[in-house]
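Working notes for the structure below.
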Protein chains: 2
Amino acid sequence: MRLTTKGRYAVTAMLDLAFHSDIKPVTLTDIAARQTISLSYLEQLFSRLRRANMVKGIRGPGGGYTLADTADKINIADIIAAVDEPIDATKCGGEANCQKEQACLTHDLWMGLSDQIRDYLKGITLAQLLEKHHVKSVAKRQDQEAEQVIGIHRHTELLASLNE
Amino acid sequence: MRLTTKGRYAVTAMLDLAFHSDIKPVTLTDIAARQTISLSYLEQLFSRLRRANMVKGIRGPGGGYTLADTADKINIADIIAAVDEPIDATKCGGEANCQKEQACLTHDLWMGLSDQIRDYLKGITLAQLLEKHHVKSVAKRQDQEAEQVIGIHRHTELLASLNE
DNA sequence: TTAATAGTTGACTATTTTGCTGGGTTAAGT
DNA sequence: ACTTAACCCAGCAAAATAGTCAACTATTAA
């Protein structure tokens, strides 16, 4: 699992879509203007997102993109995985072709960590992020309320799984 | 918080160090051989790690690197932060220089997510990863009683080195 | 003292990824 | 027909990544 600006662009665009595509499809031109991402770069990203069945493209006037599913069914890990190259799991490609035992061991450790991050991001949906933002803006408007609904208990939960 | 192969190299190298530097300092040449990372690339990474006070360099014959602190005091987030460029938090650099409200909102959402990942990784130490691996390898060894004997002597060798 | 070891530094190169431009083609609505 | 917008390329400049080379300095064993 990698975390780069590319994935960030994708998540941002998907959030924008979740925000605006309730009524009608959203054009990439709109997203490009709102999020200041170049149209052609968005096209690249959405080409992958569409092939991964995260969004649906509707052609013609009045067309655009909509989410392929409800926002609570779309998680962050899948979005990032969709736009990232399939990571080649370098050098120790799946099978044990490592000559050295140590190399494989530390490789395993890293992969385990990577899996945990993926699981963590799999547990966060677009709907949760929108809700969190909603809560936050409401809280800012009224008075300070306790936010952070999503993060904390999940954090401890995952740490607990480390200690098994 | 970014997650790239660079950070992975750094974590892998630090894990290798945590494994082997109990008795004496570990040379980058050794790490390069074990982890199949180029020596000079390691030099770059360890230059940053040293400046970030994650490791100590010891010169002269018998020299090498050791952890600057015990393995339970070194967390993954700090390792990655040490080798990564300070992320520029693009376009909305700290202050609210976003012209559009939406851009800032989704930006906030992403930054919040990024913070959560950082907190998560801050909660995972080298010691935890080593411990997890230790348990796992023992279990694997017990399972492989009737099977091929390839890994066994390496395991005992490793366990022996842990008890010294 | 001397030679070997090993870290330190900086500049340099190759490759990959990133973000973007611009050209088109195809499907759908007016 | 004409427009709109998704779709699909080929390519390209800048940046990041990964690795190389060479000169240097500090340490210490012999």
Side-chain angles (χ1 to χ4, degrees), chain A residues 2-13 17 20-21 24-33 35-68 80-88 90-91, chain B residues 1-13 17 20-21 24-33 35-68 80 82-88 90-91:
Chain A
R2 282 185 310 167
L3 266 190
T4 65
T5 51
K6 193 175 195 173
R8 173 165 133 188
Y9 276 129
V11 172
T12 301
L17 208 56
H20 297 97
S21 68
K24 57 183 176 63
V26 175
T27 69
L28 293 190
T29 309
D30 285 351
I31 299 180
Q35 308 302 334
T36 55
I37 307 171
S38 87
L39 177 59
S40 302
Y41 196 41
L42 278 177
E43 279 175 355
Q44 271 186 44
L45 297 179
F46 274 76
S47 174
R48 285 170 178 275
L49 289 171
R50 191 180 57 82
R51 276 193 280 264
N53 284 322
M54 314 284 300
V55 298
K56 270 187 284 198
I58 298 147
R59 296 186 172 198
Y65 283 98
T66 60
L67 297 181
I80 293 173
V83 298
D84 268 341
E85 293 300 325
I87 194 167
D88 55 345
T90 342
K91 292 176 182 159
Chain B
M1 177 108 291
R2 281 184 311 169
L3 269 189
T4 66
T5 50
K6 193 176 196 173
R8 172 164 133 190
Y9 277 130
V11 172
T12 301
L17 208 56
H20 298 96
S21 67
K24 56 183 177 65
V26 176
T27 69
L28 293 189
T29 310
D30 286 351
I31 299 179
Q35 308 303 333
T36 56
I37 309 172
S38 86
L39 176 59
S40 303
Y41 197 40
L42 277 178
E43 282 173 353
Q44 272 186 41
L45 296 179
F46 274 75
S47 176
R48 286 170 178 274
L49 289 171
R50 195 183 54 82
R51 275 193 283 263
N53 283 322
M54 314 285 300
V55 298
K56 270 186 285 196
I58 297 147
R59 299 184 170 200
Y65 283 97
T66 60
L67 297 181
I80 294 174
V83 297
D84 269 340
E85 294 300 323
I87 193 168
D88 54 345
T90 341
K91 293 181 178 155

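Letters A, B, ... are given to chains in the order of the sequence lines, protein chains preceding strands, and every chain is numbered from 1.
Distances shown here put a side-chain N or O of A:Y41 below 4.0 Å from the OP1 or OP2 atom of C:dG19. Within the structure, a side-chain polar atom (N or O) of A:Y65 is placed less than 4.0 Å from OP1 or OP2 of D:dC7. Taking 4.0 angstrom as the limit, B:R2 places a side-chain polar atom (N or O) nearer than this to OP1 or OP2 of D:dT17. The side chain of A:Y9 places no N or O atom within less than 4.0 Å of a non-bridging phosphate oxygen (OP1 or OP2) of C:dT17. Between A:S38 and C:dC20 there is a side-chain polar atom (N or O) within less than 4.0 angstrom of OP1 or OP2. Residue A:R51 places no side-chain N or O under 4.0 Å from the OP1 or OP2 atom of D:dA6.
For C:dG7, its base never sits under 3.5 Å from the side chain of B:E43 at any donor and acceptor pair.
The aromatic rings of B:F46 and B:Y65 are tilted relative to each other, their planes meeting at an angle between 30° and 60°.
With C:dG19, D:dC21, C:dG29 as the candidates, the nucleotide lying closest to the side chain of B:S40 is D:dC21.
For residues 52-62 of chain B, no pair satisfies side chain to side chain donor-acceptor pair (under 3.5 Å), with sequence neighbours left out.
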Show me the protein contacts with nucleotides 23-26 of chain D, counting only N or O atoms at under 3.5 Å.
unit_1 : atom_1 : unit_2 : atom_2 : d
D:dA26 : O4'    : B:R59  : NH1    : 2.2

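Between the CZ atom of B:F46 and the P atom of D:dG19 there is a distance of 14 Å, rounded to whole Å. In this structure, B:R48 places its CZ atom 12 Å from C1' of D:dT17, rounding to the nearest Å. Nucleotide D:dT4 holds its P atom 18 Å from the CD1 atom of A:I58, rounded to whole Å.
Here the CG-CG distance, from A:L17 to A:L28, works out to 8.5 Å after rounding to the nearest 0.5 Å. Expressed to the nearest 0.5 Å, how far CG of B:L39 lies from CG of B:D30 amounts to 10.5 Å.
Between the side chains of B:R51 and B:S47, at least one donor N or O sits under 3.5 Å from an acceptor N or O.
Salt-bridge annotation for A:R48 and A:E85: present, with a side-chain N of the basic residue lying under 4.0 Å from a carboxylate O of the acidic one.
Across all strands shown, B:G63 has heavy atoms under 4.0 Å from sugar-phosphate atoms exclusively, and none from any base.
Within residues 24-31 of chain A, no residue has a heavy atom under 4.0 Å from DNA chain C.
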